[in-house]
Structure formats: C-alpha cells, structure tokens
Amino acid sequence: MKTSVRSWASGRASLVPCSGRWPSRPAARARCNFRIRIEFRTGIPFSLRMSVRTRFAPSPTGFLHVGGARTALFNWLYARQNDGKFILRIEDTDAARNTEEAYKVIYDGLNWLGLDWDEGPDKGGPFGPYQQSERNAIYEKYLAVLEAGGHVYEDNGAIRFRSQRKPVLVEDIVCGKIEFDMSNPATHPDMTIRRPDGSWIFHFVNVVDDIEMQLTHVIRGEDHLSNTPKHIELYQALGATPPKFAHIPLILNHEGKKLSKRDGGSSITYFLDLGYTPEAVANYLCLLGWSPGENREFLKTPEILSLFDLGQINRRNSIFDLDKCFWLNGQHLQHMSLERFEELALPFVDKAGVSYGTIDALRPALAIVKPKVKHLSDVPDWIGFLFTEEYPFDPEAVAKSLAKPGAGDRLQALGSALSALSDWTHAVIELKLKETAATMGVKAGELVHPARVAVSGRSVGPGLYEMFEVLGKARTLARFDKARALAA
RNA sequence: GACCCUAUCGUCCAGCGGUUAGGACACCGCCCUUUCACGGCGGUAACACGGGUUCGAAUCCCGUUAGGGUCGCCA
C-alpha cells in the first residue's frame with residue numbers, strides 16, 4: 001500500500017491498494033481506482049504534521065519575472081492553504097548587483113500581487129538574516145560539516161562537492177518519481193560550491209538556507225528539476241532530510257522559448273504600469289498549468305485559495321497569452337466593487353493630472369467607465385473630458401456625426417427638449433431623447449451621435465445618458481451650444 | 001552530445017479504457033444596442049507519427065519525431 005504524493009500535497013491521504021511502483025504520471029496516478037480516502041490526521045507520517053514552510057527566493061536583478069511571480073504565487077497559496085509560513089529570501093550571493101532599487105522591485109511586485117510574507121529581509125524572523133550576503137558564518141559552519149565528512153575537495157582554489165556517484169531518486173509532487181543516474185562524472189561533474197574568492201555558489205547556499213530555515217516544501221520552476229538530484233546529495237551529506245519538491249512547468253513566449261526579459265509582458269512591472277489588476281494577473285498566472293476543473297476560469301483570489309491543488313498542476317510548459325490576460329482583466333474590473341475600482345484607478349487618475357476636485361466628484365465618473373475599460377491606465381483618458389471644458393475634439397468623430405447636414409439643428413432641438421427636464425437622471429434623459437427623436441421623425445442615433453461628440457469630443461466613451469447625468473444639466477446644454485459651432 | 005521532462009483546436013485548460021473529444025481567449029457571422037464594451041446565439045479549429053496491449057485507446061506500453069529543460073567558479 002502506498003500513499004500517493006498527490007494527495008499529500010492536498011493535505012489528504014489516499015490509500016491505494018495497488019502495489020508496485022509509484023505511478024509517475026498524473027494520469028497514471030489518478031487511474032488507480034479503489035481509493036480509500038481517510039482523514040487528514042489519521043495515518044499521516046509525522047513529518048507532514050509539521051507546519052508548512054515555503055519560500056520565494058529571487059535574486060535582486062531589478063526585474064520581477066512573471067514566471068517568478070507565478071512561483072511566488074504557488075508557494076504563497078500552498079503556505080496559506082496549510083496555515084503555514086511563506087518566507088522571502090533574497091539570493092544575492094553576487095553582491096555586485098545588489099541594489100536597493102532591486103529589492104524594491106521584488107517587494108513592490110509581491111505586495112502588489114497580494115502575496116504577503118511572514119519572514120523576510122524587511123520583516124525579520126527566527127531564521128534570519130534573510131539575504132544570503134549576510135549569512136556567511138552559517139555557510140562556513142555547513143562547509144565545515146561537509147569537510148568533516150570528507151565530502152569536499154579543493155580544485156584550483158575553488159571547493160567542490162564530491163558526488164556519491166549513486167542513483168538519486170527525486171520524489172516530486174508534480175513530476176512523480178524520477179531516478180537520476182549520477183554515476184558518470186562526465187555528465188554529472190562534481191559541483192563547485194565555493195569560488196576561489198570565497199564567494200558561494202547557488203546550489204550550496206540554497207540548500208543550506210532551505211535546511212536552516214526549515215523549509216518543508218520547495219516549489220520552483222522545472223528548470224531546477226535536473227539540479228535537484230545534486231541538491232539531494234547535499235542534503236544527504238549534511239545529514240538533513242530533503243524537503244518535498246514540486247517542480248512547476250515553465251512559462252514560454254510565443255516562440256515557445258523560455259520567457260525572457262525582452263518579451264512583452266515578461267515583467268510584473270509591465271502589468272502594474274499598464275493598469276492590470278493584481279487579482280486578474282494572479283488569476284491568469286494560476287491558470288497556467290492548473291485548472292480548478294468544471295471549466296472554471298474567472299476566479300477571485302479567495303476562490304483560488306480554496307480550490308488550488310499543488311498536486312493537480314500539469315507537467316507541460318505553457319505559452320504566455322497576453323490576450324487572455326487582457327480579457328480576464330476586463331472581467332475583474334467589471335466584477336469588482338466600485339470601492340476597489342476606485343482604489344485601483346485613483347493612482348492612475350492622479351498621475352495623469354485629471355483635476356477632478358474631490359473624490360465625491362470623481363466617484364460617479366469612475367462608476368460609468370468601470371464596465372467599459374480594460375486597463376486602469378485608460379481611465380484618465382476615459383473620464384478626462386468630464387472635468388474640463390477644454391476637452392479636445394477628435395476630427396474624425398466630428399466629421400462622422402457633428403459635421404453631417406442638419407446635425408446642428410438636431411442638436412439644438414435636443415438641447416431645448418432636454419432643457420425642459422427637471423429630473424436630470426439617465427433614465428429620464430433617455431426617455432426624453434427618444435421621445436424627441438420620435439417627434440422629429442428621426443432615428444435616435446441621429447441625436448445620439450452628434451450629442452456624444454458634442455459633449456465628449458469623441459465617438460467612443462461611456463454610456464451617453466450616464467455622461468449627461470454626471471456632467472449635469474447646465475454643462476451638458478452649454479456643451480451643446482459650444483459644439484454647434486463645429487456642426488453643419 | 002548526454003541526461004531529464006513534455007506532446008489534445010493558433011493559445012490556455014478539461015478528459016483518467018467506451019464522449020457527436022468539452023470550456024475559455026483569439027478569429028468569423030448573427031442578435032441586443034446610443035458609441036465602445038458587456039451579454040446572447042452560432043461557426044472555423046485539435047488527440048504529432050508508427051507499432052503494440054485490449055472486444056474497444058486521446059487515455060496504458062514501446063519506438064520515432066518535435067519541443068522544452070539541465071549539464072557554470074550564473075541564479
């Protein structure tokens with residue numbers, strides 16, 4: 001009897017009464033019928049009751065990659081799902097490129113995505129410091145352990161770790177069991193762990209920190225899968241139990257290559273600047289390689305938190321599709337509360353210098369564009385004309401409707417009809433406009449289009465009656481008069 | 001080159017031995033409509049190939065091909 005890895009990941013246990021090897025593929029795993037589900041606290045190995053600790057360990061490059069962000073997200077989700085801790089560790093063994101700005105990019109990106117960490121360089125914690133450049137004494141201590149065990153040797157001033165040259169089994173929550181044959185030094189050379197100048201190599205410090213910080217789960221990109229047997233050898237030499245590993249598939253660009261800095265949308269900053277909402281980006285990112293089933297896609301973060309299943313992640317790399325992320329962004333914008341929309345849109349509005357006066361004046365404007373915009377960065381442009389009489393007229397829009405024969409007269413007629421209204425709300429305005437069109441014997445569009453351009457200067461925008469309402473009666477009618485100068 | 005992983009519409013995700021192979025984005029029609037959106041309806045579009053196993057394979061096995069990853073005194 002074996003307990004499947006996948007179920008460990010979900011915090012459940014399934015006894016699978018089929019003997020033999022662990023099935024290594026998701027399909028094979030799932031194919032074992034006759035599962036007996038048992039409750040979490042019964043029959044689970046003790047180690048699993050330890051509280052979960054996961055980490056995100058970026059190096060401070062000044063760039064937060066979407067792949068990294070997804071890795072962080074998955075680690076965060078897993079920790080939060082299991083009442084565990086999520087740790088931020090900065091891997092800055094290459095001290096030269098260590099800048100304050102680079103730290104800020106990481107902090108800002110994670111904060112923006114809503115991924116809060118429990119321990120980190122800025123927060124402290126029981127296993128600090130949380131930046132590798134300050135952990136030298138710890139590495140020295142662990143190196144001494146390796147030396148005492150005869151696991152290292154010097155080579156041209158560098159220190160190398162001697163492989164045991166035995167097969168190493170990687171048990172991965174996503175990938176299943178994979179055996180690596182380490183016997184050939186030509187294909188698996190002994191790794192260097194320290195340079196002649198005394199600085200440390202990633203593999204060593206990464207493993208040491210994961211031991212020291214008592215990480216229970218290492219969730220990282222699949223590009224590390226082939227490094228994992230080496231890491232396991234290190235754990236063994238240090239007398240430590242390896243954590244559980246979960247290697248998640250990579251995110252590729254449209255050419256099917258690893259998403260690089262040069263690819264549009266490869267940086268979290270890109271999404272932040274363009275006015276994507278963090279909930280949409282998190283939603284999109286978690287959908288790469290994972291699905292909650294039942295054809296569900298639009299997910300709010302709390303739903304992701306309850307549905308996400310590390311063991312359910314698929315193995316294949318996926319191509320980043322900006323179109324779909326864009327669509328999801330519109331969906332989130334549309335479905336979020338007006339309060340949240342305000343919170344997110346305000347920085348963009350302020351940055352663009354829209355002089356809206358008070359927040360109370362801004363709110364109605366935001367309300368009428370919320371169902372329409374796809375990017376928060378579009379908001380200033382969509383509401384700007386509501387707060388100035390100096391709004392520009394788009395020549396194309398003018399030519400298309402205002403400049404058409406009779407448009408000026410129709411505008412005037414509409415103006416005088418509307419001026420009679422005492423109740424200036426969009427529903428009443430709409431009725432009045434349609435009534436006016438009927439009496440004039442023209443289609444509503446003949447009034448609507450010139451009026452839209454008159455009031456906003458353009459042919460695309462929020463709902464017409466809503467614009468009138470927000471603008472107020474006096475300003476609406478004044479704009480009618482002003483625009484008649486442009487009309488035919 | 002060696003080793004590891006992967007292979008379903010253009011893209012993302014379903015599929016767990018018997019399905020008219022499903023949903024979403026994108027694209028194309030139509031409807032709704034004051035623009036743009038939203039929404040609704042419909043359409044185009046996929047099991048890489050070859051062998052097995054099986055009464056039956058997109059699903060299991062092997063091979064081929066293709067793609068990705070790793071083999072750093074980068075992280």
Side-chain angles (χ1 to χ4, degrees), chain A residues 23-33 57-61 91-94 97 132 155-160 170 172 174-176 178-182 184 186-189 191-197 199-203 205-206 221-230 247 249-250 252 254 256-258 284 287-298 314-328 330-331 334 369 371-374 382 397 400-401 430 433-434 437 443-449 451-453 456 458-467:
Chain A
S24 63
R25 292 161 198 243
R29 270 181 247 147
R31 217 165 39 81
C32 291
N33 301 323
S59 72
T61 60
E91 307 222 326
D92 57 348
T93 53
D94 191 352
R97 58 181 178 193
Q132 293 182 330
D155 175 24
N156 284 322
I159 298 175
R160 286 183 181 272
V170 176
D172 192 282
V174 175
C175 305
I178 303 162
E179 193 177 81
F180 290 84
D181 178 8
M182 308 295 281
N184 185 355
T187 55
H188 295 88
M191 64 180 151
T192 305
I193 62 175
R194 190 175 205 177
R195 302 185 190 90
D197 69 0
S199 59
W200 305 95
I201 300 295
F202 159 77
H203 301 290
V205 293
N206 186 266
E222 204 209 62
D223 47 346
H224 286 298
L225 184 58
S226 299
N227 289 328
T228 305
K230 296 192 292 195
H247 287 92
L250 268 19
L252 274 25
H254 274 286
K257 308 282 184 202
K258 212 170 152 182
Y284 180 71
L287 252 24
L288 252 27
W290 175 75
S291 155
E294 298 170 335
N295 291 326
R296 290 238 269 152
E297 293 196 315
F298 177 78
N314 71 32
R315 307 285 329 272
R316 88 190 86 82
N317 296 160
S318 43
I319 291 172
F320 194 93
D321 182 15
L322 211 44
D323 279 339
K324 186 142 184 179
C325 190
F326 178 76
W327 171 78
L328 263 178
Q331 293 290 307
Q334 206 172 115
V369 299
K372 304 271 189 169
V373 295
K374 292 290 196 72
W382 274 66
K400 215 166 72 185
S401 51
E430 176 172 3
L433 181 141
K434 288 188 168 157
K443 288 199 285 189
E446 298 293 318
L447 299 180
V448 165
H449 299 299
R452 169 179 294 285
V453 178
S456 70
R458 51 181 77 186
S459 57
V460 174
L464 182 74
Y465 314 114
E466 286 79 2
M467 288 195 311

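Because the structure is predicted, anything quoted here is derived from the model rather than measured. Chain letters run A, B, ... following the sequence lines, proteins first and then strands; every chain starts at 1.
- Distance check: Asp321(A) CG to Leu287(A) CG gives 11.5 Å after rounding to the nearest 0.5 Å.
- Distance check: Met191(A) CE to Phe202(A) CZ gives 10.0 Å after rounding to the nearest 0.5 Å.
- Between Asn206(A) atom CG and Gln132(A) atom CD the span is 7.0 Å, to the nearest 0.5 Å.
- A pairwise comparison of heavy atoms in Ala397(A) and Ser459(A) identifies CB-N, 3.7 Å as the closest pair.
- For the pair Thr228(A) and Asp172(A), the minimum side-chain heavy-atom distance is 4.5 Å or more.
- Only the P atoms considered, C16(B) is 13 Å distant from A21(B), to the nearest whole Å.
- Looking only at side-chain heavy atoms (C-beta outward), Val448(A) and Tyr465(A) come within less than 4.5 Å of each other.
- Across all strands shown, C60(B) forms a Watson-Crick or G-U wobble pair, both distances under 3.5 Å, with G52(B).
- Within the 3.5 Å criterion, the main-chain N or O of Thr61(A) finds no donor-acceptor partner in the side chain of Ser59(A).
- In this structure, C30(B) and G40(B) make a Watson-Crick or G-U wobble pair, each of the two defining distances being under 3.5 angstrom.
- Pair assignment for G10(B): C25(B), on the basis of Watson-Crick or G-U wobble contacts that are both within less than 3.5 Å.
- When rounded to the nearest whole Å, the span between CD1 of Ile193(A) and C1' of A75(B) equals 16 Å.
- Residues that satisfy the salt bridge (charged side-chain N to carboxylate O under 4.0 Å, His left out) test with Lys324(A), not counting sequence neighbours, are Glu297(A).
- Under the side-chain contact (heavy atoms from CB on, under 4.5 Å) criterion, Ile159(A) pairs with Leu143(A), Val152(A), Ile193(A), Arg194(A), not counting sequence neighbours.
- Residue Gln132(A) is classed as having no contact, given no heavy-atom separation below 4.0 Å to the nucleic acid.
- In this structure, the separation between CG on Leu225(A) and NE2 on His247(A) is 5.5 Å, given to the nearest 0.5 Å.
- Of the side-chain N and O atoms in Thr192(A), one or more sit less than 4.0 angstrom from OP1 or OP2 of C73(B).
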Using atom names, set out every protein N or O paired with an N or O of nucleotides 3-5 of chain B below 3.5 Å, distance rounded to 0.1 Å.
| unit_1 | atom_1 | unit_2 | atom_2 | d |
| --- | --- | --- | --- | --- |
| C5(B) | O3' | Arg315(A) | NH1 | 2.8 |
| C5(B) | O3' | Arg315(A) | NH2 | 3.4 |
| C5(B) | O2' | Glu222(A) | OE2 | 3.2 |
| C5(B) | O2' | Arg315(A) | NH2 | 2.8 |

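- Rounded to whole Å, the separation between the P atoms of A48(B) and A58(B) comes to 10 Å.
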Nucleotides 8-13 of chain B: protein proximity per nucleotide (B base, S sugar-phosphate only, - neither; heavy atom, under 4.0 Å): S--SBS
Do any N or O atoms of the protein come closer than 3.5 Å to N or O atoms of nucleotides 31-34 of chain B, and which pairs are they?
| unit_1 | atom_1 | unit_2 | atom_2 | d |
| --- | --- | --- | --- | --- |
| U34(B) | OP1 | Lys434(A) | NZ | 3.1 |
| U34(B) | O2 | Arg452(A) | NH2 | 2.8 |

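- If you measure from atom CG of Leu252(A) to atom P of A7(B), you get 14 Å, rounded to the nearest angstrom.
- To the nearest whole angstrom, the two C1' atoms, one in U33(B) and one in U20(B), are 35 Å apart.
- The base-pairing partner of A2(B), taking Watson-Crick or G-U wobble contacts with both distances under 3.5 Å, is U70(B).
- Taking atom CZ of residue Arg160(A) and atom C1' of nucleotide C73(B), one finds them 7 Å apart after rounding to whole Å.
- Whole-Å rounding puts the Ile159(A) CD1 to G72(B) C1' distance at 17 Å.
- Remark: the separation of the P atoms in G40(B) and C49(B) is 35 Å, to the nearest Å.
- Atoms NE2 and CD1, on His254(A) and Ile319(A) in that order, are 7.5 Å from each other to the nearest 0.5 Å.
- Nucleotides U6(B) and C61(B) place their P atoms 10 Å apart, quoted to the nearest Å.
- Of the inter-residue distances, the one linking Trp382(A) atom CH2 with Lys374(A) atom NZ reads 10.0 Å to the nearest 0.5 angstrom.
- Side-chain contact between Lys258(A) and Asp223(A) is present, with heavy atoms from C-beta onward closer than 4.5 Å.
- The residue among Ala186(A) and Cys325(A) whose nearest nucleotide of RNA chain B lies closer to the 5′ end is Cys325(A).
- Counting atom types as modelled, Lys230(A) pairs no side-chain N or O with a base atom of U70(B) as donor and acceptor under 3.5 Å.
- Residue-level contact check: Asn227(A) touches the bases, meaning some heavy atom is under 4.0 Å from a base atom.
- In a base pair of the Watson-Crick type (N1 to N3 plus N6-O4 or O6-N4) or a G-U wobble (N1-O2 and O6-N3), with each distance short of 3.5 Å, U35(B) is matched with no nucleotide.
- Within the 4.5 Å cutoff, no side-chain heavy atoms of Val205(A) are placed close to those of Glu91(A).
- Residue contacts shown for His247(A) are absent, as no nucleic acid heavy atom lies under 4.0 Å away.
- Note on Gln334(A): only backbone sugar-phosphate atoms sit closer than 4.0 angstrom, heavy atoms only; bases stay farther off.
- For the P atoms, the distance linking C30(B) with U70(B) amounts to 48 Å, nearest Å.
- Asn156(A) comes within 4.0 angstrom of a nucleotide base, judged by non-hydrogen atoms across all strands.
- Using a 4.5 Å cut-off on side-chain heavy atoms (C-beta onward), Arg315(A) and Cys175(A) make contact.
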Look for any protein N or O under 3.5 Å of an N or O in nucleotides 40-47 of chain B and output each such pair with its distance, or none.
none

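- For Phe326(A) and C38(B), the CZ to C1' distance is 13 Å, given to the nearest whole Å.
- Closest of all the heavy-atom pairs between Glu222(A) and Pro249(A) is CB-CA, 4.3 Å.
- Rounded to the nearest Å, the gap between the P atom of C3(B) and that of C62(B) is 16 Å.
- The side chain of Thr93(A) places an N or O atom within less than 4.0 Å of a non-bridging phosphate oxygen (OP1 or OP2) of A75(B).
- Under a 3.5 Å cut-off, the side chain of Arg452(A) and the backbone N or O of Pro462(A) do form a donor-acceptor pair.
- One atom, NZ of Lys258(A), and another, P of C74(B), lie 16 Å apart when rounded to the nearest Å.
- What separates NE2 of His224(A) from C1' of C71(B) is a distance of 14 Å, to the nearest Å.
- Comparing G10(B) with G18(B), their P atoms are spaced 25 Å from each other, to the whole Å.
- The CZ atom of Arg296(A) sits 16 Å away from the P atom of C25(B) (whole-angstrom rounding).
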